[in-house]
Engineer: 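I have a structure here, written as structure tokens, and I will follow up with some questions on it.
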Amino acid sequence: MIAKVIVDVPASNVNRTFDYLVPQELEDTVKPGMRVSVPFGPRKLQGFVMGLADEPSVKKLKKINELLDPVPVLTEELLQLGQWVSQKTLCFLITAYQAMIPAALKATYNKEFKMVDGISLEDLPVEAAEWFRHRDRIPMEDLLKVTPTPLGLFQRLVQKNHLEVIYQMADKVTKKKIKLVHASGTKEEILEHMASLSKQAVKQREILSFLLESGEPVVQKDLLEILETTRSAIQSLEQKGYVQTIEKEIYRDPYANRDIKPTEPLPLTMQQEQCIRPVLSALEEQRHETILIHGVTGSGKTEIYLQSIDKVIKKGQEAIVLVPEISLTPQMVNRFKARFGSRVAVLHSALSAGEKYDEWRKIQRKEVSVVVGARSAVFAPFENLGLIIIDEEHESSYKQEENPRYHAREVAVHRGEYHRCPVILGSATPSLESYARAQKGVYTLCELSDRVNQRELPSVSVVDMREELRAGNRSMFSRDLFTKLKEVLSRKEQAVLFLNRRGYSSFILCRDCGYVGECPHCDISLTYHKRQHLLKCHYCGHQEPMPSRCPMCESPYIRFFGTGTQKVEEELARLLPEARVIRMDVDTTGRKGSHERLLNEFGQGKADILLGTQMIAKGLDFPKVTLVGVLAADTMLHLPDFRASEKTFQLLTQVSGRAGRHELTGEVVVQSYTIGHYSIDLASQHDYHAFYDDEMKIRRDHKYPPYYYLTLLSFSHPELMKVVDASEKSASYLSQRVSRGTIILGPVVSPIARIKDRYRYQVMIKYKNEPGLSEMISELLQHFQPEMDANGLQISVDMNAQNIM
DNA sequence: GGCTAGCCCCAA
DNA sequence: TGGGGCTAGCCG
């Protein structure tokens with residue numbers, strides 16, 4: 001029997017299957033979708049079994065070393081889906097498959113040196129012999145830790161046949177196990193054992209009597225804690241054969257110590273009823289349909305999700321719920337856990353690799369029927385999928401910005417077609433792509449225009465910050481916002497202050513000569529980090545001390561500019577010293593769980609003001625928040641991105657939605673330097689439809705999505721000439737082949753012209769219908785392959801680009 | 001991606 | 001002549 005295997009090497013020349021002989025004893029167990037260990041050249045690699053065959057396609061065959069899974073990690077469907085993803089996004093097959101399984105299952109490789117049989121220590125040079133005195137295998141990493149590294153010597157010894165190299169392969173993370181202790185024998189025997197123990201063995205006797213009483217295996221750690229003793233007592237009991245220890249596999253449970261009150265389905269409003277109807281009938285008829293729910297913030301989309309899932313579970317099927325960067329919204333997770341209890345697995349970025357793996361295994365073993373997770377959860381290995389929900393479908397985090405560059409929405413729709421099940425897209429501000437599809441009838445459109453319980457949307461006022469400056473207010477708070485903040489404090493309510501950091505981080509500027517601190521490796525200004533008093537590059541990690549004098553002109557008047565959250569926090573402390581502020585940004589939420597802790601503290605009223613970046617815009621629901629302030633609404637508008645207006649509109653709508661969600665009515669103050677921009681004005685009027693119409697006109701005029709598809713080719717190389725050359729050749733190659741109506745733009749310099757000492761150019765392809773495009777680009781990549789291998793040219797392809805930076 | 005066979009080059 | 005450095009080609 002032959003197994004067709006894809007090996008764990010992302011390279012174009014091995015982007016195909018290799019045939020391996022299946023050892024007789026594995027013939028019954030090996031299945032497509034399993035991971036295997038296979039010899040590849042001199043090495044040992046992980047691979048995926050794509051299929052089985054009787055006849056090999058080559059003569060020379062090697063045997064599979066071992067199976068790495070008792071059951072396939074990729075289902076038949078996922079194997080197919082991987083091929084679809086790799087075609088759609090032009091990535092290697094292996095890259096697509098790796099994206100579908102938890103990182104814990106990715107192999108790690110290392111090499112070890114071992115003495116060849118028949119060679120003794122005396123045969124080796126002293127320097128090498130020293131290493132082998134106490135162990136017979138030396139991992140290569142150990143050799144690299146020493147300077148100068150003896151690696152060269154070891155390699156020479158390998159050539160002399162004194163040493164050999166052993167290739168190791170292991171999973172990244174193992175299953176977590178706990179040790180249980182239980183007493184051997186019957187009750188009578190245990191009592192006998194106790195009697196036979198020596199008088200001094202007090203602890204041992206205590207252990208036996210404890211185990212006797214419990215009657216079942218006890219967790220070793222607990223046992224030691226309760227009886228205040230150490231492992232040695234158990235060890236000596238074990239030696240006498242009085243107790244046994246067993247290892248049991250357990251799940252890490254990130255939600256263990258949490259008390260979630262179960263909830264019951266709520267009665268639906270008329271509008272909610274209307275929205276859930278198409279979902280239920282698609283479920284009933286086992287029919288694929290994509291349903292876009294456009295519901296204002298607080299209109300009860302989640303309840304529709306919950307009741308749809310309930311129906312799916314009752315049918316014995318499974319559901320996937322995607323939420324953007326879910327760790328940010330523990331409230332959302334809790335709502336699903338509250339309704340479906342232990343039938344829910346959670347997959348999000350704040351979990352450790354081991355925790356993610358355990359949650360994933362619950363799905364694989366069919367122990368849960370709902371998964372709530374971020375982007376990659378769209379690949380959850382359910383086999384009887386009944387529903388996929390994408391909440392906040394407009395979120396850019398659903399697009400993966402590295403290979404495979406897939407969009408979770410497209411994968412979801414594809415899986416929905418396969419399983420003949422509905423897909424729900426929900427948002428208060430649908431992406432133009434989705435809304436346009438709904439308008440065309442490709443998706444079913446459902447509108448929820450009212451908030452549940454008829455609560456009013458908060459009133460939004462836009463403040464012209466230039467006007468403030470003219471009036472002599474140089475602070476970052478307008479008079480309006482400041483007054484309202486004080487009122488909120490006096491009413492003992494809460495406020496959320498939102499700072500859109502993107503494009504506004506603090507850079508340093510010399511007031512004399514205009515020098516701006518830039519990264520020596522990237523064409524981007526350095527960001528000042530106050531805590532470490534350092535300048536850092538956010539792209540390559542370069543850092544340098546903050547200069548006290550300008551490196552150009554020696555002027556001492558070098559300062560940092562821009563408004564970071566730290567600076568806002570300081571200003572708040574100065575202006576409103578009585579206010580208790582919680583700041584949330586990358587600096588304060590770095591540690592695991594700190595995000596949730598800060599939000600909990602705010603929810604419990606331990607602070608008056610929550611100050612943060614993007615991460616506080618989504619899904620938060622605090623009853624006492626009555627004021628939302630957006631400190632600078634327009635920072636994003638000026639980025640070189642045709643979606644800038646859309647993103648601004650979405651963000652402002654989301655942020656405004658945080659105010660007045662319960663009994664208290666809410667207010668929003670939006671500060672801006674760009675007055676009269678339609679995205680800010682229409683967001684303040686809560687008018688999505690008008691925004692949609694305006695923005696669509698612009699997209700049509702400029703031939704941007706959703707009127708045109710957009711593919712982006714990015715070229716980078718350490719030498720400017722090489723990038724220019726490759727990108728020009730590519731652009732002209734494509735121009736000669738594409739159909740009329742397709743537009744090739746560029747090559748142009750990328751918005752960030754250089755990152756990590758590599759120059760960057762890009763070519764943009766805009767098209768309505770270009771069926772052969774993937775093939776053309778594949779050929780292009782094929783053509784440049786030698787240069788990519790040999791002299792460091794990099795070409796990245798983003799079919800359907802969301803981000804053009 | 002990583003290994004090595006095969007090539008060239010250069011020092012002795 | 002032999003060893004080092006480099007590259008093309010291959011891995012089943």
Side-chain angles (χ1 to χ4, degrees), chain A residues 1-24 26-27 30 32-68 86 90-99 103 105-114 116 125 139-141 143-144 148-172 402-404 717-718 722 781-796:
Chain A
M1 192 194 253
I2 300 302
K4 303 212 165 272
V5 174
I6 292 268
V7 293
D8 186 14
V9 175
S12 62
N13 44 358
V14 290
N15 191 28
R16 60 192 170 95
T17 58
F18 287 82
D19 286 4
Y20 285 90
L21 201 61
V22 179
Q24 198 108 54
L26 297 179
E27 284 197 355
V30 68
M34 280 183 178
R35 292 174 311 141
V36 288
S37 156
V38 290
F40 195 69
R43 299 180 289 163
K44 198 199 270 180
L45 292 183
Q46 192 185 81
F48 289 92
V49 177
M50 293 291 290
L52 299 165
D54 294 327
E55 294 299 320
S57 53
V58 285
K59 283 205 195 90
K60 210 178 106 211
L61 284 175
K62 285 186 183 173
K63 267 203 289 190
I64 287 177
N65 292 329
E66 58 175 324
L67 300 183
L68 299 173
S86 87
L90 289 181
C91 71
F92 305 123
L93 259 178
I94 188 71
T95 312
Y97 290 135
Q98 295 287 19
L105 293 179
K106 208 171 155 22
T108 54
Y109 302 98
N110 65 39
K111 294 197 296 186
E112 287 178 359
F113 291 92
K114 179 179 174 288
V116 171
M140 188 167 76
E141 358 163 42
L143 298 180
L144 292 173
T149 172
L151 191 59
L153 170 68
F154 275 64
Q155 278 164 347
R156 277 192 296 280
L157 290 168
V158 170
Q159 251 152 36
K160 272 202 197 159
N161 232 349
H162 285 179
L163 296 182
E164 62 182 320
V165 180
I166 311 271
Y167 292 87
Q168 295 287 1
M169 194 196 90
D171 281 358
K172 264 216 173 101
E402 59 199 49
N403 286 333
H717 194 283
K722 292 264 168 58
L781 292 177
Q782 201 71 36
H783 173 261
F784 280 108
Q785 197 61 53
E787 280 185 67
M788 292 169 72
D789 291 341
N791 68 62
L793 176 68
Q794 275 177 20
I795 305 178
S796 82

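Quick note on labels: first sequence line is chain A, next is B, and so on, each numbered from 1. Remember, it's a predicted structure, so these values are computed and weren't measured experimentally.
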Engineer: Measure CE/Met1(A) against C1'/dG12(C) and give the value in whole Å, please.
Structural biologist: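 Atom-to-atom, Met1(A) to dG12(C), this comes out as 17 Å.
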Engineer: Check this for me: does the side-chain of Thr17(A) come within 3.5 Å of the base of dG12(C) through a donor and an acceptor?
Structural biologist: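 Not at all, since no donor on one side and acceptor on the other fall under 3.5 Å apart.
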Engineer: Which whole-number value in Å describes the distance from Asn15(A) CG to dC11(C) C1'?
Structural biologist: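 It is 14 Å, rounded to the nearest whole Å.
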Engineer: State whether Lys111(A) places a side-chain N or O below 4.0 Å from either non-bridging phosphate oxygen (OP1 or OP2) of dG2(B).
Structural biologist: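 Checking Lys111(A) against dG2(B): no side-chain N or O falls below 4.0 Å of OP1 or OP2.
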Engineer: I need the CG-P distance between Leu151(A) and dC3(B), as an integer number of Å.
Structural biologist: 11 Å
Engineer: Parallel, tilted or perpendicular: which fits the ring planes of Phe18(A) and Phe40(A), with parallel below 30° and perpendicular above 60°?
Structural biologist: perpendicular
Engineer: Do Val165(A) and Phe113(A) come close enough that some side-chain heavy atom pair is under 4.5 Å?
Structural biologist: yes
Engineer: Nearest-Å distance, NZ (Lys106(A)) to C1' (dG1(B))?
Structural biologist: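 Interatomic distance, NZ of Lys106(A) to C1' of dG1(B): 11 Å.
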Engineer: Heavy atoms only, 4.0 Å cut-off, all strands: where does Tyr20(A) land among base, sugar-phosphate and nothing?
Structural biologist: sugar-phosphate
Engineer: Which nucleotide, dC3(B), dG1(B), dG12(C), lies nearest any side-chain atom of Ala11(A)?
Structural biologist: dG1(B)
Engineer: Is Asp8(A) touching bases, backbone alone, or none of the nucleic acid, heavy atoms closer than 4.0 Å?
Structural biologist: nothing
Engineer: Mind calculating the distance between CG (Asn110(A)) and P (dG2(B)) to the nearest angstrom?
Structural biologist: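 In whole Å, dG2(B) P and Asn110(A) CG are 13 Å from each other.
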Engineer: Could you state the CD-P distance from Gln155(A) to dG5(C), rounded to the nearest angstrom?
Structural biologist: 11 Å
Engineer: For Leu21(A), which residues count as a side-chain contact (heavy atoms from CB on, under 4.5 Å) partner, sequence neighbours excluded?
Structural biologist: Ile2(A), Leu61(A), Lys63(A)
Engineer: Find the distance Arg43(A):CZ to dT4(B):P and express it as a whole number of Å.
Structural biologist: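 Rounded to the whole Å, the gap is 10 Å.
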Engineer: How is Tyr167(A) classified with respect to the nucleic acid when contacts are heavy atoms under 4.0 Å: base, sugar-phosphate, or nothing?
Structural biologist: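 Sugar-phosphate contact only.
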Engineer: Judged by modelled atom types alone, do Gln785(A) and Asn13(A) share a side-chain donor-acceptor pair under 3.5 Å?
Structural biologist: no
Engineer: Taking side chain as C-beta onward, heavy atoms only, is Met140(A) less than 4.5 Å from Leu151(A)?
Structural biologist: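 A side-chain contact under 4.5 Å exists here.
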Engineer: Any base atoms under 4.0 Å from Arg16(A), or only sugar-phosphate, or nothing? Heavy atoms, all strands.
Structural biologist: base
Engineer: Asn13(A) CG to dC11(C) C1': how many Å, rounded?
Structural biologist: 9 Å
